[in-house]
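Input: a single structure, listed below in structure tokens.
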Amino acid sequence: MSTEHARQTLGDLLRRTARRHPGKLAIRCGQVDWSYSEFDAICNRVAAGLAANGVQPGDRVAMLARNSHAFAAMRFALARLGAVLVPINFMLNAEEVRFILEHSGARLLCVDSGLTALGREASKGTAASKLLWLPSEDESSPEPGLLRFEDLLKHGDMPPARELAGSMLAQVVYTSGTESRPKGAMLTHDAVISEYVTCLVDAEIAEADRVLHALPLYHCAQLDVFLGPCVYVGATNVITSKPTPDNLLALMAANGISSFFAPPTVWISLLRSAAFDATDLSKLAKGYYGASIMPVEVLREIQKRLPQVRLWNLYGQTEIAPVATVLKPEDQLRKAGSAGRAGLNIETRVVDDAMQDVAVGEVGEIVHRSPQLLTGYYHDDERTRAAFEGGWFHSGDLATIDAEGYITVVDRKKDMIKTGGENVASREVEEAMYGIPGVSEVAVIGLPDPRWIEAVTAVVVAKPGHTLTEEALIAACRERLGGFKVPKRVILADSLPKNPSGKLLKRELRQRYA
């Protein structure tokens, strides 16, 4: 046996925590409560059950399911077995799910009751035609003929898998395709554990935390910035599949939640809820956001209405497991709008096309070096080579860097609007519009235009009780922005399209209004 096999993997983190905190509440989901010793034992039996059903180390197992206790158990059971997790966005259609199943070579697909029909359709004719049913947060029943989560628990304990090593694949996570098919980012156990350490140190995730996990676990933010590190240190985890304001506020109050992560869109929905002021949020001490920058006006509102909450902005992407930079509580207003500085296990630069560091205030691309990084894209050597050109990982994000090393993301390369020969960062226009009274949410996109090539266009949602007009919004923008940055058109909408992680779907807006 090589010495590498003694270094342990993700599957061992839970075992160590269960020995330290056997009786402590580990997982709460709906009517299910598991202590750490129970959680550990269940994961062991699930791993044994998977092995009895033919799943071997290195096999890919896909997850098409909403948040649940069973999802959490599958995550650590697969790691303990040495199988590779392939989480799938449940908002995809059958053809998109089928692409991931075929591309990854998954041999088993896990579904819950609400997604069984989609799973059946997508898996037809693939190697993952065998479906495993998972219980949900609410009571549910499997369709006849499916392998059930409970069936896996009948196979006894899983003996330690001595052949596992940290350099083995832990997961293949597919990034959302924008102009092309999604890419499968390959992440090893060592990479993910390195990222957990960054989160524990820079995001101050601690044993005493009571954490509400509400954003989808198929997304690496909730899975690997919060659930994984929380299990690592022995925090208490409350899991829900319903990130609606009323449900979130009720769970926070009932469970004394002290730590919560959500993108700015979800924080905004909480602030706008009629139940917000009547909810006891006195235990909430740590707030995290990501996916996009928190508008400064919203940041100030959170700090005014939740003065006891310390805030962190976590920036990154799937390929770095995913945290890359962190803006800490003491810098929220001092460096408002910034994504912070490189985390503990990351080295980050902002470079020009020749891979030279840009000057302070100049726009360049964010590149990284880190033990957290993917080993490459699954079955895609060409895009792997392009991503690591020059020996650094290219994020695709444009940013500036200040004299203290704080990075401010200007835009995704694909979201930069080229209007009349000038570059306009959509985020700068959005930030200006969030300062206009009555604006609840805004997304700025470029739409085809015969004169400007791309016209700066703002899609705006009003706060309840406020009436906005296109003319007034454009006039307010003229007071705040250079002329070429002012929207040529403002569209008033009831809501903005978002994925289950709360991220704005600008591609959908472009298609809708083109």
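Small disclaimer: the values here were computed from a predicted structure and weren't measured.
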Tell me whether [X] contacts the main-chain N or O of [Y] through its side chain, where contact means a donor paired with an acceptor under 3.5 Å.
X      : Y      : value
His394 : Glu389 : yes
Ser258 : Arg210 : yes
Asn67  : Ile239 : no
Thr419 : Glu454 : yes
Glu431 : Val296 : yes
His189 : Leu10  : yes

Just say parallel, tilted or perpendicular for the rings of [X] and [Y], cut-offs at 30° and 60°.
X      : Y      : answer
Phe99  : Tyr174 : perpendicular
Phe260 : Trp267 : perpendicular
His103 : Tyr378 : perpendicular

Between [X] and [Y], which heavy-atom pair has the shortest distance, and what is it?
X      : Y      : value
Tyr315 : Val409 : CE1-CG2, 3.9 Å
Ile407 : Ala399 : CG2-CB, 3.7 Å
Met433 : Cys477 : CG-SG, 3.5 Å

Salt bridge flag under 4.0 Å for residues [X] and [Y]:
X      : Y      : answer
Asp380 : Lys183 : no
Lys506 : Glu430 : yes
Glu301 : Arg305 : yes
Lys286 : Glu204 : no
Arg75  : Asp224 : yes

Which value, rounded to the nearest 0.5 Å, describes the distance between [X] atom [atom1] and [Y] atom [atom2]?
X      : Y      : atom1 : atom2 : result
Arg369 : Leu373 : CZ    : CG    : 10.5 Å
Arg80  : Leu13  : CZ    : CG    : 9.5 Å
Thr457 : Ile417 : OG1   : CD1   : 7.0 Å
Leu215 : Leu227 : CG    : CG    : 12.5 Å

- prompt: Within 45° of the axis and under 6.0 Å from the centre of the six-membered ring of Phe71, does NZ or CZ of Arg66 qualify?
  reply: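 Not flagged: Arg66 not positioned over aromatic ring of Phe71.
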message: My understanding is that only one of Leu496, Ile491, Leu473, Val444 makes a side-chain contact (heavy atoms from CB on, under 4.5 Å) with Val460; could you say which?
response: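 The residue from Leu496, Ile491, Leu473, Val444 that satisfies side-chain contact (heavy atoms from CB on, under 4.5 Å) with Val460 turns out to be Leu473.
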- prompt: Hey, does Gln372 have a side-chain heavy atom less than 4.5 Å from the side chain of Ile346?
  reply: yes
message: Are Leu101 and Leu109 packed together at the side-chain level, in the sense that at least one heavy-atom pair is separated by less than 4.5 angstrom?
response: yes
message: So if I apply the salt bridge (Lys or Arg N to Asp or Glu O under 4.0 Å) rule between Glu441 and each of Lys498, Lys463, Arg272, which one comes out positive?
response: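 For Glu441, the salt bridge (Lys or Arg N to Asp or Glu O under 4.0 Å) test succeeds with only one of Lys498, Lys463, Arg272, which is Lys498.
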- request: Quick one: which residue pairs count as a side chain to side chain donor-acceptor pair (under 3.5 Å) with a foot in residues 319-339, not counting sequence neighbours?
  value: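 Matches after skipping sequence neighbours: Asp202-Lys328, Tyr289-Gln332, Gln317-Glu319, Glu319-Tyr377, Asp331-Arg334, Asp331-Tyr406, Arg334-Glu404, Arg334-Tyr406, Lys335-Asp402, Lys335-Glu404.
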